[in-house]
Amino acid sequence: MDKKAKALFLSLCVLTTLLTACSGNTGKSPTSVDSDTDETGAVTIHTVTSEYTSAKYPQGDDITNNVWIRRYKEEFNIDVKTDWVSDEYDTKLNLAISSNDLPDVFRVNPSQLKQLIEADMVMDLTAVFDENASERLKGYMQADADSYESGIKDGKLYGIPQMHWGLIEQPDFIWIRNDWKEELGLEDPKKMADVKNMALKFMEKHGGYGIAADQSLDHLNLLAIAWNAHPDMWIEDNDGKLAYGSIQPEMKAALAEWAEWYKLGIIDPEFAIKDFNAMNADVVAGKVGIQPYFQWWGYNPGVDTVSNLGKEAIFYPYIIPTTDGKEAKQSIFFANNSYIVMKKGFNNPEEVIKILNDYAYIVDEGEGNESKETLSSLLDNDIAHVVGAFRVLNPNSDYEQYEAVSEALQSQKTDGLTTSGMWQKYNNSVEFMNNATPGAVGDYLQQGAPKNAYGLAKNVLDSKNYIMTALWGVTPEVLASYGTTLNDILTEGFTKIIMGTESIDYFDVVVQNWRSAGGDEATEAVNEAYGK
């Protein structure tokens with residue numbers, strides 16, 4: 001029920017991180033051999049993964065055959081076989097779970113983890129992690145103990161959290177096409193009315209529509225904080241109880257405004273039938289100049305936008321304003337939404353831990369220990385993100401990385417760049433400044449541009465201008481059991497209001513439908529779990 005989970009599964013993220021080896025040496029310990037071996041003595045590990053469209057592969061490579069897959073074989077004599085790749089990963093994995101047709105190692109969301117544990121289908125990883133994880137990998141778990149504990153049930157580790165890049169990645173923005181803004185001499189938006197007026201002026205000058213959205217409503221929902229609404233989030237109400245942000249009166253005010261925008265043609269008239277990729281395709285095609293989006297806009301659709309429309313068509317991030325001119329309070333969610341699990345009966349779990357150690361080594365210790373060519377091949381062009389279940393991220397990386405990169409760009413001194421990720425962000429920022437290379441625009445907009453996403457996000461965190469979800473950690477089982485059912489009720493009802501097929505008063509009907517379908521039960525469970 002978490003907007004960040006959806007985004008992560010769609011692209012994720014986006015941004016650089018990366019690898020560490022085992023205990024003090026390079027992490028290249030001898031490979032054990034048992035029944036899951038081929039004729040060459042290599043251990044074979046089967047996995048599955050989702051599409052990652054932003055990666056730019058060398059000729060002949062793809063998500064199932066690339067530099068990482070070759071590294072596993074060359075360094076550890078491990079053959080990783082990808083049984084399937086899908087752009088509807090969760091749906092296909094749910095089918096695999098229901099038919100008990102599981103690979104050896106795979107990534108799951110919290111609901112899937114719960115289901116697999118209850119069905120006794122995944123391994124207890126407590127001992128294998130304790131005995132084989134590098135100190136760096138264990139350090140990631142210590143840095144975010146809440147996420148680590150969310151993969152534990154009854155004292156046993158079943159899901160290794162894949163972690164995240166830190167809370168700095170969570171604030172969201174309004175991204176505005178810069179050449180259109182400058183062409184019309186428009187000021188930075190200070191109120192939500194300014195965003196509306198800018199959209200209308202863009203439409204008058206360039207046609208199309210004003211603001212990009214898709215059928216999930218995730219991107220419109222990012223703007224809800226302007227009305228002090230916090231959809232998808234559990235917050236404390238006036239009585240001190242926990243309540244779901246999507247059904248609060250503030251959300252009704254946001255929907256009323258969006259319905260007006262839709263009448264004016266500001267919101268994409270076809271948003272209700274467009275998925276994430278179709279929404280971004282319109283941005284890349286130049287049909288729209290404003291997009292509520294996450295901090296990683298520069299990676300997707302930014303790369304394709306600059307490639308197709310030129311460097312002047314770059315979008316820049318702006319803080320989401322309120323209706324009265326203040327900065328809106330951002331929504332901060334529990335950050336970990338995916339876990340690495342291993343099928344019960346899998347014979348080589350320690351080999352998977354070797355690969356996880358290696359990823360952490362490359363990302364955090366590769367600089368100075370590996371050649372620039374090696375690091376570039378593993379990390380550049382979004383290749384760092386095609387490893388599926390075979391990575392854990394450093395939850396402190398991006399905040400520290402932004403500080404180091406920002407300082408280096410300002411001072412022109414690179415002494416503080418100590419990881420390959422820092423160097424990549426720095427080099428790509430310089431590359432875009434000098435050559436407008438499309439593949440570098442993601443790092444540039446995230447950290448290197450005069451107006452960059454992480455600079456704005458750091459200000460949000462440092463000023464504590466945010467609200468944190470009360471659901472911090474393990475999701476109560478009753479709530480998890482509803483899957484997407486409750487949110488689907490809201491999405492369908494809210495879409496009708498926005499499109500004008502129902503009046504704004506229908507909001508109260510939607511809320512009642514949500515409550516009757518299990519929302520009240522879920523609310524009670526959340527309050528019980530968190531002592532309210």
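Because the structure is predicted, anything quoted here is derived from the model rather than measured.
Legend: residues meeting side-chain hydrogen bond (donor to acceptor under 3.5 Å, both in side chains) with S307, ordered by chain and number and at least two apart, are absent. Considering only residues two or more places apart in sequence or on other chains, T485 meets the side chain to side chain contact (heavy atoms under 4.5 Å, CB included) condition with none of them. Taking D275 as the reference, nothing meets the side-chain hydrogen bond (donor to acceptor under 3.5 Å, both in side chains) condition, with sequence neighbours excluded. Scanning for salt bridge (Lys or Arg N to Asp or Glu O under 4.0 Å) contacts around D120 gives K344, with sequence neighbours left out. The side chain to side chain contact (heavy atoms under 4.5 Å, CB included) test applied to A127 returns E131, not counting sequence neighbours. Judged as a ring pair (Phe, Tyr, Trp, His ring centres under 6.0 Å), and not counting sequence neighbours, the contacts of F390 are Y72.
Separation of the F173 and W296 ring centroids does not fall under the 6.0 Å cut-off. Aromatic pair F294/H219: centroids less than 6.0 angstrom apart.
The closest donor-acceptor contact from the side chain of Q162 to the backbone of N337 lies at 3.5 Å or more, if one exists at all. Remark: side-chain polar atoms of D124 are paired, donor with acceptor, to backbone N or O of T126 under 3.5 angstrom. Distance alone, capped at 3.5 Å, places no donor-acceptor pair between the N65 side chain and the D61 backbone. The closest donor-acceptor contact from the side chain of N336 to the backbone of M163 lies under 3.5 Å. Without hydrogens or angle criteria, Y52 side chain to G388 main chain gives no donor-acceptor distance under 3.5 Å.
Checked for salt-bridge contact, E350 and K354 miss the test: no charged N lies under 4.0 Å from a carboxylate O. Electrostatic pairing of D83 and K92 does not count as a salt bridge here, judged by no charged N lying under 4.0 Å from a carboxylate O. Taking 4.0 Å as the cut-off between side-chain N and carboxylate O, D214 and K274 do not count as a salt-bridged pair.
Ring pair W234/Y244 is tilted by interplanar angle, where 30° to 60° counts as tilted.
For the residue pair L490 and S246, the shortest heavy atom distance occurs at CD1-CB, 3.6 Å.
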